Amino acid sequence: KGIPLEHARQYAIIGCIEVTIAGMMDPRAVAYYCNLLKCLELALNDGVDMLTGAQAGPQTGPAESFTFADLQRAYHAQLEADLARAVQRLAEAEAGGARTFPMPMLSLLTDDCLARGLDMTAGGARYNATSVCAMGIPNVADALVAIRRLVFEEQAVTMGELLTALREDFAGHEDLRQQLLHGAPKYGNNAADVDGVADGLAEEFCDLLDQFPHPRGGRYHAHLFTFTQAIGGGAVCAASADGRHARENLANSLMPHPGRGRSGPAAALLSAAHIDQTRAAAGTSLICELHPTVLPRGGEAELLADLVTTYFQGGGMHLEFNIVGAEQLQAAQREPEKWSHLAVRVSGYSAYFTTLSREIQDHIVARSGN
């Protein structure tokens with residue numbers, strides 16, 4: 001991102017896992033969550049929201065006549081349009097903030113604001129950035145691989161049949177949903193085919209984000225995570241070609257969608273490490289759920305050390321663990337008074353499980369059953 005190495009190595013973490021350079025940078029962290037699965041939905045439906053019927057993106061053509069390359073182009077167009085709308089709104093918001101909420105004290109403590117005679121909200125800092133988050137990469141990768149194999153390679157289903165099933169949330173089409181779930185490889189199992197697609201999606205997002213001018217003369221930096229937005233992001237999406245039902249949560253950050261990581265935690269970490277996370281300068285996040293029985297008694301530390309080493313040597317940037325079973329979490333839901341001590345990783349933070357909302361609890365339970 002054009003930041004000299006000696007400054008980049010002075011990075012610090014904002015709140016959860018967002019990256020800044022203390023005393024030199026004005027970062028606007030997680031300013032927008034881009035829903036990649038919604039972009040794919042619009043690409044499959046000529047820009048029309050399958051849930052509301054509204055024209056939510058550009059018209060990219062009827063998918064029934066698409067080749068796979070056409071689908072990729074339509075997805076790219078929907079993603080570009082979504083980001084263009086987002087950065088326009090962000091620029092307007094930042095301009096308004098500079099007028100109404102300057103930060104003179106913070107500007108005094110940030111390099112180059114005095115020299116430039118500019119408040120940091122007006123671009124006075126040495127480095128300026130606004131971060132935009134991509135969510136749904138595992139779902140889109142699974143969906144694209146399933147479409148490529150079942151529709152175009154094996155011709156086991158037509159695009160028209162697939163679209164009908166998606167629009168009807170698989171009602172009366174359970175056989176097709178099972179084909180989508182089990183007839184193609186899934187991200188999170190160290191399968192090069194689908195992991196390569198996930199890496200390409202991340203690269204495409206970061207490259208597109210880099211093309212937009214920044215209101216404070218800086219750059220847009222990418223995040224690759226969902227945090228709790230996996231819930232809200234899924235709630236606005238129709239059924240998808242990865243076999244996911246309408247309004248079901250998205251995959252949590254770069255972990256496989258619940259139920260699809262069938263090759264163990266090491267394989268899931270290797271899939272995430274396959275994605276070139278160095279492009280996401282704002283930071284990535286990965287929470288690996290482990291059942292307590294996975295850890296050998298007396299060798300817990302060694303196994304965790306091996307997983308951590310494997311992930312970071314492969315290119316991972318951030319890793320946390322939740323070591324709890326779904327059955328414990330469900331017991332805590334039934335009898336919260338007996339489990340007030342149970343702490344879990346929610347996203348970039350920990351919380352007592354029984355204090356969380358039911359939808360976040362259910363999200364963590366689903367993740368823990370992966």
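Since the structure is predicted, the reported quantities are computational estimates derived from the model, not experimental observations.
One finds the NE2 atom of His318 at 4.5 Å from the OG atom of Ser285 (value rounded to the nearest 0.5 Å). Taking CZ from Arg116 and CG from Leu114, the interatomic distance works out to 12.0 Å, rounded to the nearest 0.5 Å. Rounded to the nearest 0.5 Å, atoms CG (Asn322) and OG (Ser350) are 7.5 Å apart. The distance from atom NZ of Lys186 to atom CG of Leu180, rounded to the nearest 0.5 Å, is 7.0 Å. Atom CG of Asn128 is separated from atom CE of Met25 by 8.0 Å, given to the nearest 0.5 angstrom. Rounding to the nearest 0.5 Å gives a distance of 5.0 Å between CG of Asp46 and CD of Gln59.
Atom CZ of Arg247 has 12 or fewer heavy atoms from other residues, nucleotides or ligands within 6.0 Å. Remark: Tyr352 OH is loosely packed, at most 12 non-hydrogen atoms of other residues, nucleotides or ligands lying under 6.0 Å away. For Lys1, the NZ atom is densely surrounded, since the number of other residues' heavy atoms within 6.0 Å is greater than 12. For Phe321, the CZ atom counts as densely surrounded, since its 6.0 Å shell holds more than 12 non-hydrogen atoms of other residues, nucleotides or ligands.
Taking hydrophobic clusters as Ile, Leu, Val, Met, Phe, Trp and Tyr residues chained together by side-chain heavy-atom distances below 4.5 Å, Tyr349 does not share a cluster with Ile14. Using a 4.5 Å cut-off between side-chain heavy atoms of Ile, Leu, Val, Met, Phe, Trp and Tyr, with links allowed through other members, Leu42 and Leu162 fall into different hydrophobic clusters. Phe152 and Tyr75 fall within the same hydrophobic cluster, defined by Ile, Leu, Val, Met, Phe, Trp and Tyr side-chain heavy atoms under 4.5 Å apart, directly or through other members. Hydrophobic clustering (ILVMFWY, side-chain heavy atoms < 4.5 Å, transitive): Leu286 and Ile323 are in one cluster. Leu51 and Leu250 are members of different hydrophobic clusters when ILVMFWY side chains are connected at heavy-atom separations under 4.5 Å.
Annotation for Pro102 and Thr121: closest pair CA-OG1, 3.9 Å, computed over non-hydrogen atoms. Contact detail for Glu161 and Leu176: the closest heavy-atom pair is O-CD2, 4.0 Å. Contact between Arg148 and Phe68 at its shortest, heavy atoms only, is CB-CE1, 3.7 Å. Nearest heavy atom pair, residue Arg244 against residue Phe170, reads O-CE1, 3.5 Å. Nearest heavy-atom pair across Gly183 and Leu150 is O-CD2, 4.2 Å. For the pair Phe353 and Leu329, the tightest heavy-atom approach, listed with the atom from each and the gap, is CE2-O, 3.3 Å.
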With side-chain hydrogen bond (donor to acceptor under 3.5 Å, both in side chains) as the test, would you mind laying out the steps for Asn45 and Arg167 before giving the verdict?
CA-CA 9 Å; Asn45 206 39; Arg167 291 165 183 153; 2.7 Å; yes
Does the pair Glu18 and Ser131 meet the rule for a side-chain hydrogen bond (donor to acceptor under 3.5 Å, both in side chains), with working shown?
CA-CA 9 Å; Glu18 299 89 342; Ser131 63; over 6 Å; no
Between Tyr187 and Asp193, does the side-chain hydrogen bond (donor to acceptor under 3.5 Å, both in side chains) criterion hold? Intermediate values first, please.
CA-CA 9 Å; Tyr187 171 86; Asp193 186 10; over 6 Å; no
Criterion side-chain contact (heavy atoms from CB on, under 4.5 Å) on Arg367 and Met255, from CA distance to verdict
CA-CA 9 Å; Arg367 284 165 23 191; Met255 287 298 285; over 6 Å; no
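Of the N and O atoms on the side chains of Thr284 and Gln277, at least one donor lies less than 3.5 Å from an acceptor on the other residue. Residues Gln178 and His173 bring no donor and acceptor atom of their side chains to less than 3.5 Å of each other. No side-chain N or O of Asp199 forms a donor-acceptor pair with one of His274 less than 3.5 Å apart. When only modelled atom types and interatomic distance are considered, Asn190 and Ser271 share no side-chain donor-acceptor pair under 3.5 Å. Side-chain contact check for Gln333 and Asp362: at least one donor-acceptor pair (N or O, by modelled atom type) lies under 3.5 Å. With 3.5 Å as the limit, one finds no donor-acceptor pair spanning the side chains of Glu41 and Ser240.
Asn139 places no side-chain N or O within donor-acceptor distance of the main-chain N or O of Leu37, the cut-off being under 3.5 Å. Not a single donor-acceptor pair under 3.5 Å links the side chain of Gln229 to the backbone N or O of Tyr33. A donor-acceptor distance shorter than 3.5 angstrom exists from the side chain of Gln55 to the backbone of Gly57, with no hydrogens or angles considered. Side-chain atoms of Asp112 never come within 3.5 Å of backbone atoms of Ala125 as a donor-acceptor pair (strictly under, hydrogens ignored). Under the 3.5 Å distance criterion, the side-chain polar atoms of Glu248 are matched with a main-chain donor or acceptor of His245. Under the 3.5 Å distance criterion, the side-chain polar atoms of Thr226 are matched with a main-chain donor or acceptor of Ser253. Between the Thr20 side chain and the Ala22 main chain, no donor and acceptor come within less than 3.5 Å of each other. Using a distance-only test at 3.5 Å, with no hydrogens or angles considered, a donor-acceptor pair links the side chain of Arg177 to the main chain of Gly243.
At least one side-chain heavy atom of His214 sits under 4.5 Å from a side-chain heavy atom of Arg216. Side-chain contact between Leu79 and Cys34: present, with at least one pair of heavy atoms (C-beta onward) separated by less than 4.5 Å. Looking at Cys237 and Asn35, their side chains come closer than 4.5 Å, going by heavy atoms from C-beta outward. A 4.5 Å side-chain heavy-atom check between Leu44 and Leu71 finds at least one atom pair inside the cut-off. The closest side-chain heavy-atom distance from His363 to Thr228 is not below 4.5 Å. In this structure, the side chains of Val344 and Gln361 stay at 4.5 Å or more apart for every pair of heavy atoms. In this structure, the side chains of Tyr127 and Thr110 stay at 4.5 Å or more apart for every pair of heavy atoms. Proximity of Arg85 to Arg89: side-chain heavy atoms (C-beta onward) are separated by under 4.5 Å at one or more points.
Ring pair Phe225/His223 is tilted by interplanar angle, where 30° to 60° counts as tilted.
Between Arg28 and Asp26 there is a salt bridge, with a side-chain nitrogen of the basic residue lying less than 4.0 Å from a carboxylate oxygen of the acidic one.
The side-chain contact (heavy atoms from CB on, under 4.5 Å) test with Tyr311 singles out one residue from Asp306, Leu319, Leu270, and that residue is Leu319.
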